[in-house]
Amino acid sequence: MSAPIRPARGMRDFLPHDVRRRDYVIRVVEDVYRRYGFQPLETPALENIETLTGKYGEEGNKLIFKVLRRGEGETSGETDLALRYDLTVPLARVVAEHRGALPKFFKRYQIQPVWRADRPARGRFREFYQCDVDAIGSASMVVEAELCAAVADVLQRLGFRDFVIRVNHRLVLAGLLDHAGVPPALHGAALVALDKLDKVGPDGVGNELQARGIDRPAVEALLPLFAGRMELGELGRLLATRPEAAAAVAGLEKLFALSGSTSAGPYLRFDASLARGLSYYTGAIMEIAVPDLAGSLGGGGRYDGLIGMFLGQDIPACGFSLGLERILVVMTERGMFPADVDTGGADVLVTQFDDGESAEEALGLARDLREAGVRVDVYPEPDKLGKQFKYAAAAGVRHVAIMGGDERARGVVTVKDMTSGQQRAVPRAGIGQWFSAGAAHQELAPSGSEDQE
RNA sequence: GUGGGUGUAGCUCAGCGGUAGAGCGCCGGACUGUGGCUCCGGAAGUCGCGGGUUCGAACCCCGUCAUCCACCCCA
């Protein structure tokens with residue numbers, strides 16, 4: 001039996017076309033993140049297993065890719081390392097370790113792959129990129145406002161107009177559950193059920209709540225709190241006697257007020273049914289929704305206790321993560337990529353003839369063009385001209401430079417624009433400058449007449 | 001992890017017990033220094049894999065793997 005030809009389950013190869021599109025999105029993300037003053041960070045793919053376990057909740061724990069200990073572990077099954085599950089926990093570890101070397105307020109971005117042993121589905125892979133921004137050291141709502149603004153900027157720059165940033169607060173949720181009489185031990189179970197309100201409706205959520213062990217009076221008290229799409233103000237009055245929850249409501253009101261002066265303002269929406277699965281969130285939680293994707297484009301929240309799990313002393317922190325693969329799925333389906341992202345890897349193809357001198361001439365021409373900053377591909381062997389044109393067209397190379405016996409005798413290069421079909425003779429001596437000056441695009445642009453000689 | 005669909009040529013798919021097919025792409029030619037248009041010709045498939053039923057299986061049955069969709073969960 002031959003070796004498998006496909007990558008491992010949930011993993012993918014990226015062909016040049018894919019890489020170009022990924023790079024385009026990453027470049028936009030990176031550019032926006034930098035404008036907000038975030039600094040780059042990279043961490044190892046592998047972490048010690050204790051670093052990751054117990055940080056993500058029960059579901060998350062199961063999805064961690066574990067690595068057998070080298071040597072004995074291969075027979076005993078013992079694991080000591082794991083592939084990172086997200087970029088937030090590694091950041092918390094780094095902050096704990098390098099606390100003294102980092103500024104009082106540390107803002108970092110990180111664009112790297114993470115791994116989850118999930119079942120693959122549309123927009124879900126076992127290896128995928130996250131684009132994280134996190135701000136460490138401040139409990140101010142200004143942090144949340146800036147994070148929301150940054151991701152809103154990214155999505156708008158990429159051409160998204162119809163996304164919604166759903167916002168909620170862990171302490172608001174806790175307050176509502178307390179108010180309805182759900183015992184604290186069942187808060188997690190209740191949140192999982194409530195998170196489905198959009199999909200299964202109030203009756204469905206009610207059934208699931210009871211199935212999860214929440215008694216009928218609590219369910220009946222709980223459902224109206226969520227089904228009515230309560231406004232923040234109303235919620236504040238309802239939770240006025242619960243100081244923590246009331247403060248959380250006030251915090252969200254502050255976030256909305258602050259966001260009035262950022263690009264996130266029009267996209268923010270309070271949603272009491274947003275829960276989010278990761279267990280380390282302690283405050284505001286956010287998630288980005290678009291109509292044509294069941295999952296989210298990204299999510300985030302405040303996690304004031306996570307760094308303390310490494311350091312023994314809490315440091316406030318808040319972050320937002322964009323899912324590169326999710327963004328790419330939607331952009332691909334909607335055709336949102338600019339045309340130039342999909343152009344080939346070269347600007348010019350230099351042809352070759354079977355006349356003895358052509359190879360040296362072709363390489364020399366390529367060198368001069370490359371020195372002028374032009375991306376050049378040289379057809380590697382003598383062939384019929386038609387084949388060479390066909391190759392250029394298939395490879396997405398716009399110009400073909402022909403230098404055969406005729407051209408050499410005249411000291412020129414024939415340059416053909418594959419998009420318009422037009423061609424002209426350009427002096428060999430000035431060819432590099434002619435290209436880098438953009439003359440190729442201007443003078444050979446489509447003008448109605450085809451194939452002028 | 002649960003339920004369902006689909007695996008046939010490079011790609012999209014037809015065939016659904018009786019000789020393996022089409023379109024597109026690819027290669028060659030008409031066109032010996034010009035791609036796209038047209039015409040002619042050609043190559044190409046253990047019909048996902050393993051077993052079973054049958055005189056005979058791409059087709060029916062069982063298993064398995066892959067993939068897609070809906071749940072679950074998430075980026």
**OP:** Looking at every strand, decide which applies to A:G404 at a 4.0 Å heavy-atom threshold: base, sugar-phosphate, or nothing.
**Re:** base

Original post:
At under 4.0 Å between heavy atoms, what does A:G298 touch on the DNA or RNA strands: base, sugar-phosphate, or nothing?
Top reply: sugar-phosphate

**OP:** On the 0 to 90° scale, with breaks at 30° and 60°, tag the A:F163-A:F160 ring pair as parallel, tilted or perpendicular.
**Re:** perpendicular

Subject >> hbond_proxy A:K62 side chain to B:G1 base (donor-acceptor, 3.5 Å cutoff) >> reply: no

Original post:
Would A:F270 and A:F256 count as a close aromatic pair, with their ring centres under 6.0 Å?
Top reply: no

Original post:
Under a 3.5 Å cut-off for both distances, is B:G50 Watson-Crick or wobble paired, and to whom?
Top reply: B:C62

Original post:
Which comes earlier along RNA chain B counting from the 5' end, the contact point of A:L297 or that of A:D406, where each point is its nearest nucleotide?
Top reply: A:D406

**OP:** Could you tell me whether the side chain of A:Q388 has a donor or acceptor atom within less than 3.5 Å of a complementary atom in the base of B:G33?
**Re:** no

Original post:
In terms of side-chain geometry, is the basic nitrogen of A:E407 or A:R428 positioned less than 4.0 Å from the acidic oxygen of its partner?
Top reply: no

**OP:** Check every strand shown and say whether A:R9 touches a base, only sugar-phosphate, or nothing at a heavy-atom separation below 4.0 Å.
**Re:** sugar-phosphate

Original post:
Distance check: side-chain N/O of A:R276 vs OP1/OP2 of B:A75, anything under 4.0 Å?
Top reply: yes

Subject >> Of A:R326 and A:G10, the one whose closest RNA chain B nucleotide lies more 5' >> reply: A:G10

**OP:** Give A:I288 one of three labels, base, sugar-phosphate or nothing, depending on what nucleic acid heavy atoms sit under 4.0 Å from its own.
**Re:** nothing

Original post:
Under 4.0 angstrom, heavy atoms only, what part of the nucleic acid is A:Y391 near: base, sugar-phosphate, or nothing?
Top reply: nothing

Original post:
Taking atom types as modelled, is there a side-chain donor on A:Q110 or A:R108 under 3.5 Å from an acceptor on the other?
Top reply: yes

**OP:** Classify the nucleic acid contact of A:R116 as base, sugar-phosphate or nothing, counting any heavy atom under 4.0 Å across all strands shown.
**Re:** base

Original post:
Base, sugar-phosphate, or nothing for A:D86, non-hydrogen atoms under 4.0 angstrom?
Top reply: nothing

**OP:** Using a cut-off of strictly less than 4.0 Å, decide whether A:K390 has a side-chain nitrogen or oxygen near OP1 or OP2 of B:C27.
**Re:** yes

Original post:
Under 30°, 30 to 60°, or over 60°: which ring-plane class applies to A:H399 and A:F435, parallel, tilted or perpendicular?
Top reply: perpendicular

**OP:** For A:G405, report the nucleic acid contact type (base, sugar-phosphate, nothing); a contact means any heavy atom under 4.0 Å.
**Re:** base

Subject >> Pair assignment for B:G36, Watson-Crick or G-U wobble, requiring both distances under 3.5 Å >> reply: none

Original post:
Taking N and O atoms by type only, does the side chain of A:R119 place a donor or acceptor under 3.5 Å from a partner on the base of B:U2?
Top reply: yes

Subject >> B:C31 OP1/OP2 closer than 4.0 Å to side-chain N/O of A:K387 >> reply: no

**OP:** Tell me what A:E127 touches on the nucleic acid: a base, only sugar-phosphate, or nothing, going by heavy atoms under 4.0 Å.
**Re:** nothing

